[in-house]
2 protein chains.
Amino acid sequence: MSEQIKTLFEEHDIKFTTARSSILEVLKEAHHPLNYEQIKEKMSVVMDKATFYRNIAKFEESGIVHKFEADDRKWYFELSSTTHAHFICEHCHQITCIDVDLGKVEGEVKSIVLKGTCKECHV
Amino acid sequence: MSEQIKTLFEEHDIKFTTARSSILEVLKEAHHPLNYEQIKEKMSVVMDKATFYRNIAKFEESGIVHKFEADDRKWYFELSSTTHAHFICEHCHQITCIDVDLGKVEGEVKSIVLKGTCKECHV
DNA sequence: TAATCAAATGCAACTTAGTTGTGACTTAGA
DNA sequence: TCTAAGTCACAACTAAGTTGCATTTGATTA
Ligand SMILES: [Mn+2]
Ligand SMILES: [Mn+2]
Ligand SMILES: [Zn+2]
Ligand SMILES: [Zn+2]
């Protein structure tokens with residue numbers, strides 16, 4: 001287990017378990033948001049989906065993990081970082097993290113999801 | 001039935017039915033996107049949800065209706081218009097249509113969903 | 001207007017991502 | 001090592017949306 005993850009647990013007063021550490025390990029290595037199935041495939045530990053979702057809920061509460069819904073009725077998870085946008089391609093279903101300048105928007109924006117056709121899939 | 005809706009059916013070669021006209025009537029009056037339950041409440045005609053979703057799918061194909069997922073695992077529908085963003089407040093769950101200037105984004109953007117805290121709910 | 005038939009509808013059964021209850025098992029700390 | 005609080009696996013559940021199929025509807029033609 002990496003020091004970074006150990007520190008996250010301590011800082012947020014979250015009890016250490018192998019399940020939790022395994023989830024965060026996967027998210028740490030990922031370069032874009034992943035859904036449950038994708039994380040499951042990459043995890044070194046087998047756990048029930050109830051365990052997975054309860055732990056993710058805990059991470060969310062603590063602000064460690066950020067989640068959003070794509071357009072496939074699935075939650076996508078990533079380690080929290082500065083607010084940035086996600087581009088979801090309707091054709092290849094690839095999710096890309098991007099920086100956008102929104103100009104001024106009333107209210108506090110916490111998540112931005114763009115949907116459309118990515119440049120690879122564009123005619 | 002309004003002329004506007006009659007014209008939509010003709011232009012898109014969609015068979016007229018009372019169910020279809022009733023759905024579009026509701027969307028035409030709405031000032032923001034609505035989900036199935038919300039549309040059902042407002043509709044003058046009672047129809048099965050299978051009928052509702054099949055008709056919505058037809059409208060989508062024709063480009064009459066645009067749909068997106070909020071963060072509540074529900075689809076939201078509105079009549080198609082120029083691409084604009086939707087702000088979803090995590091506290092009051094209000095969905096507002098807004099115009100944003102994204103700057104330049106690679107690929108073709110078809111839907112923009114912002115999530116956060118609206119100015120009314122903001123401390 | 002009446003007959004025709006492809007398309008639309010209602011109903012019931014299904015799918016599936018995510019949630020919840022519960023008894024057994026871990027973990028952190030005394 | 002002992003203990004209590006927290007976490008886990010398992011199974012049953014929830015709910016938005018989908019699908020199959022027999023019946024009905026509405027645009028077209030006679
Ligand atoms: Mn991201
Ligand atoms: Mn809108
Ligand atoms: Zn693509
Ligand atoms: Zn609000």
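We name chains A, B, ... by the order of the sequence lines, and we start the count at 1 in each one.
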Does the B:Arg20 side chain pair with the main chain of B:Lys15, one donor and one acceptor, at a distance under 3.5 Å? yes

Given B:Glu61 and B:His12, is the side-chain hydrogen bond (donor to acceptor under 3.5 Å, both in side chains) satisfied, shown in steps? CA-CA 10 Å; B:Glu61 264 173 50; B:His12 293 90; over 6 Å; no

For A:Glu69, the side-chain hydrogen bond (donor to acceptor under 3.5 Å, both in side chains) test, sequence neighbours excluded, returns none

Sugar-phosphate, base or nothing in reach of A:Lys74, heavy atoms under 4.0 Å = sugar-phosphate

| Candidate pair A:Phe9 and A:Leu24, rule side chain to side chain contact (heavy atoms under 4.5 Å, CB included), full reasoning | CA-CA 10 Å; A:Phe9 284 135; A:Leu24 288 189; 4.1 Å; yes

By side-chain hydrogen bond (donor to acceptor under 3.5 Å, both in side chains), A:Glu60 pairs with (sequence neighbours left out) A:Lys67

At a 4.0 Å cut-off to heavy atoms of chain A, the contacted part of DNA chain C spans C:dA17 to C:dA28

Hits for side-chain hydrogen bond (donor to acceptor under 3.5 Å, both in side chains) against A:Tyr76, two or more places apart or cross-chain, chain-then-number order -> A:Asn35, A:Asp72

Side chain to side chain donor-acceptor pair (under 3.5 Å) pairs touching residues 94-119 of chain A, sequence neighbours excluded, are A:Asp71-A:Lys115, A:Glu90-A:Lys115, A:Glu106-B:Lys119, A:Lys110-B:Glu90, A:Lys110-B:Thr117, A:Thr117-B:Lys110, A:Lys119-B:Glu106

A:His32 side-chain N/O to A:Ala30 backbone N/O, donor-acceptor pair under 3.5 Å
no

Sorted by number, residues from residues 52-68 of chain A placing a heavy atom under 4.0 Å from DNA chain D are A:Arg54, A:Asn55, A:Lys58

A:His66 meets the side-chain hydrogen bond (donor to acceptor under 3.5 Å, both in side chains) criterion, sequence neighbours left out, with none

Besides A:Ile98, the hydrophobic cluster formed by Ile, Leu, Val, Met, Phe, Trp and Tyr side chains linked at under 4.5 Å, directly or via other members, contains A:Phe87, A:Val100, A:Leu102, A:Val105, A:Val109, A:Ile112, A:Leu114, B:Phe87, B:Ile98, B:Val100, B:Leu102, B:Val105, B:Val109, B:Ile112, B:Leu114

Here the ring-ring contact (aromatic ring centres under 6.0 Å, His included) pairs for residues 89-123 of chain B, sequence neighbours left out, are none

Minimal heavy-atom distance between A:Gly63 and A:Ser80, with the atoms involved, is O-OG, 2.8 Å

field: Other residues, nucleotides, ligands: >12 heavy atoms within 6.0 Å of A:Lys42 NZ
entry: no

Rounded to 10°, the helix from C:dT1-D:dA30 to C:dA30-D:dT1 deviates from straight, judged by its five-pair end axes, by 30°

Within residues 39-51 of chain A, the residues having a heavy atom closer than 4.0 Å to DNA chain C are A:Lys49, A:Ala50

Outermost contacting nts on DNA chain D, any atom under 4.0 Å from chain A heavy atoms, listed 5' then 3', are D:dA5 to D:dG17

